[in-house]
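Inspection log for the structure reproduced underneath, given as structure tokens.
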Amino acid sequence: MNSFDESDAFEGASLSSRAMAARPQPYLDGLNPEQRLAVETMDGPVLMLAGAGTGKTKALTTRIVHLLNTGRARPNEVLAVTFTNKAAREMKTRVGTLLGQQVEGMPWLGTFHAICVKLLRRHAELIGIPGTDLTLNSNFTILDTDDQLRLLKQLVQAAGIDDKRWPARQLAGVIDHWKNRAWTPDKVPAAEAGAYNGKAGALYKQYQRRLIELNAVDFGDLLLHVVTIFQTHDDILQQYQRWFKYILVDEYQDTNVAQYLWLRLLAGGHKNICCVGDDDQSIYGWRGAEVGNILRFEKDFPGAHVVRLEQNYRSTPHILAAASGVIAGNEGRLGKELWTEAQEGEKVRLIGHWDGEEEARWIGEEIEAMQRGTRGQRPHGLDDMAILVRASHQMRAFEDRFLTIGLPYRVIGGPRFYERMEIRDAMAYFRCVTSPSDDLAFERIVNTPKRGLGDKAQQKMQVTARQNGVPLIEGARLLLEDKGLTGKGARELQVLLDGLARWGRMAGDKSISHIELAEIILDESGYTEMWQNDKTPEAPGRLENLKELVKALENFENLTGFLEHVSLIMDNESEESGEKVSIMTLHAAKGLEFPAVFLPGWEDGLFPSQRSMDESGLKGVEEERRLAYVGITRAEEICTISFAGNRRVFGQWQSSLPSRFIDELPEDHVDVLTPPGLYGGGYGAAGMAGSMGGVQNSIDARVQEANVYNSPGWKRMQARAGNRPTSQPRESTSPVIDMAAASSHTVGERVFHQKFGYGEIVGLEGDKLEIAFDKAGTKKVVARFVTSPDDVPF
DNA sequence: TACGGCTGTATTTTT
DNA sequence: TACAGCCGTA
């Protein structure tokens, strides 16, 4: 498997280049000049800066078609990567449509992860543990987050660490982070290895070793391992460099370091790489995405052609102007100005409410009015409307309200089908059958349903397995043989092991379809029965999901194929019927569009989120601002922004100020609405100031600022627009943004310490600081070991 | 082993 | 407030 044989290594060359060369190019006709340029500039590096709604997918798919049609590459020589399966699917379909034929051979169009699995299966044995002969095997399993966490927990406990104080979750986060940066255990900088109780570095190493012993990889490994192979085996890298004649990357602003390295390595030869993205829509910094990748593109690839797609086909001019106004507050942008030929339409609507409930009530009424078309607009169906929130807990107010008024809604996001407990359990059974050495799967199901095999019994199996150097299932069998387990548990375990063995034989029996087999497994194991006997309200739904799971098997040849697919695809394709308003987070809304969009909860602390600002300072605010930009640009015709003066947070009433982003909305494109029930004038009018006391006056002042556009804050903003971010520090915002100016620290300042994490300064003593750390308690540390949260290198 | 009450904590999420 | 994860008890 180590040697590289082109004849069988690459599947699917279904279109010969010669046959394609003379074809006409009608697909170019529908493109605007910029899109056309992006399609026709085929050689060398190209950066396609595609603003929201500018037809980026069209340009990208047409480019692929053009490459094929002009004979530059065969379908299997084009590497096209996306982040989500949805995007990959869409590209595949659209390429097929444009080409007017089914493209059998685009085996290298897929997500980063899917493509890496393919690559890694070919070269798995090159990944090993130094100093041992342990290596990965090409039939490795891909662990889901649950398995990963279970494994880490074992390691943490084995290391004698108190996993209450130091949750395995946190360690998982650290490791994930390192993998995103393409750091193998030996590459983790010493300064970072001390995270998590000082043991993260050592635990990471153990974890990687354990994974290989289990012949398993986690999601991060898929990229990390392939990058490692490319870095250490130049011959292999070169072969792929030659094979992939053209590389295309979607959502480039979302790439992390590992993905970036992966791309650079693969494009290193011919540099025919086309990256598509929008720096203004980079909203995944918190999970490792580096906006810097797209900002640096021209440096990374000297001589790159940069094409800007700026003609927007989605929104009205007012909406675009509002979005531009907000995003102008960010520094270091590549710069784009969206324009449109669309009718002027309505201004962005801004409205403030007394509290979150009123906001939900008002939006509910608005939606009903829009449905009827009584608001002067054309009537809109519920499918045309969406509510986009910053954090999922905000959804509750809307769900409550919509339930009481009987307005149909759907929540997008949330737990995915394949992440549900019953689905994971069922799949763990399948895994045990198809690969009897899958310890983690066995651990998951050994006592599900309850078989009287608790911690104690499981411990014994683990020990037996370790002592004999065999997988857990085998260990369990040995334990029974040696009579190390007795009574009910022993009998039940025997039944389970016999079952697994029997099902394993059936899997090899051609007369039984894998669908029947799946049903047999779920029945005979008692798993279905477990839910049938369960009287909680969720049980029927879970049984329903299990049925759906079995149905999904129809699309696959066998269980193994299905499991491989599922480990990479976590889609939620439940197509509910009927017109419904969509409720989702801003993150989930990226890439979508709706005629009418509601953006509630624009309050400082909620949006921009306090946590984001605390942890990432100015960078955090900028990412939040991009989120605002994404939100506004989802709207085609009507965009309604709102905020509430009071909100229940964790059961307590809190009052807050309108979001700083509201200050940044350009006056000319905003229409400030008066909430019903608050007669006596709009914002800033005496009536309202009178009706709201105390804290409300300050809200009022801010509202007036947003409304009248002549306040000092507003003028300051105008002066700085396009220059510096407008956000002025507020008392409520604790991070000290500029460390240069803060050579001496102050009490109350948020800081970051390499070892102890984030904390707040509670005392000063010469060059020492007393800091109350979020996680590590109060400690005295030397001042030079702490940095401002936004200086933290990750 | 299994359940109920207690405590601590509380973005954003794909693969 | 709400929920998950832990501990103590039956």
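Order of the sequence lines fixes the chain letters, A, B, ..., with proteins taken first and strands second; residue numbering starts at 1 for each chain. Keep in mind it's a predicted model, so treat the numbers as computed, not measured.
Between the NZ atom of Lys118(A) and the P atom of dT15(B) there is a distance of 17 Å, rounded to whole Å. Atom pair Arg89(A):CZ and dT15(B):P shows a separation of 9 Å (rounding to whole Å applied). A straight line from CE of Met584(A) to C1' of dT11(B) spans 17 Å, rounded to a whole angstrom. In this structure, His225(A) places its NE2 atom 15 Å from C1' of dT15(B), rounding to the nearest Å. Atom CZ in Phe112(A) sits about 13 Å away from atom P in dT15(B), given to the nearest Å. Atom C1' of nucleotide dT13(B) and atom CZ of Arg611(A) are separated by 14 Å, given to the nearest angstrom. Following rounding to the nearest Å, Lys86(A) (NZ) and dT13(B) (P) show an atom-to-atom distance of 14 Å. In this structure, Asn180(A) atom CG and dT13(B) atom P are separated by 17 Å, rounded to whole Å.
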Going 5' to 3' along nucleotides 1-7 of chain C, which nucleotides have protein heavy atoms under 4.0 Å from the base (write B), which only from the sugar-phosphate (write S), and which from neither (write -)?
BS---SS
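Stacking here means ring centres nearer than 5.5 Å and ring planes tilted less than 30 degrees, and by that measure Trp286(A) stacks onto dT12(B).
Ser392(A) comes within contact range of the sugar-phosphate backbone alone, with a heavy-atom separation under 4.0 Å but no base atom that close. No contact: Gln458(A) has no heavy atom under 4.0 Å from any strand. Within 4.0 Å of Leu453(A), counting heavy atoms only, lie sugar-phosphate atoms of the nucleic acid but no base atom.
Mapping Leu222(A) and Arg451(A) onto DNA chain B by nearest heavy atom places Arg451(A) at the nucleotide closer to the 5' end. For the pair Arg287(A) and Lys450(A), nearest-nucleotide mapping onto DNA chain B gives the more 5' position to Lys450(A).
The cationic atom of Arg121(A) (NZ for Lys, CZ for Arg) lies less than 6.0 Å from the six-membered ring centre of Phe140(A) and within 45° of the ring axis. Remark: Arg181(A) is not positioned above the aromatic ring of Trp178(A), lacking an NZ or CZ atom under 6.0 angstrom from the ring centre and at most 45 degrees off the axis.
The aromatic rings of Trp262(A) and Phe230(A) are tilted relative to each other, their planes meeting at an angle between 30° and 60°.
Arg150(A) contributes a side-chain N or O that, together with a main-chain N or O of Leu440(A), makes up a donor-acceptor pair within less than 3.5 Å.
The side chain of Thr585(A) contributes an N or O atom lying less than 4.0 Å from OP1 or OP2 of dT13(B). The side chain of Asn85(A) contributes an N or O atom lying less than 4.0 Å from OP1 or OP2 of dT15(B).
Under the salt bridge (charged side-chain N to carboxylate O under 4.0 Å, His left out) criterion, Asp280(A) pairs with Arg333(A), Lys336(A), sequence neighbours left out.
Taking atom C1' on both nucleotides, dG5(C) is separated from dT12(B) by 23 Å, rounded to a whole Å.
Outside the 6.0 Å centre-distance limit, the rings of Trp286(A) and His177(A) are not counted as a close aromatic pair. Tyr409(A) and Phe398(A) have their aromatic ring centers separated by at least 6.0 angstrom.
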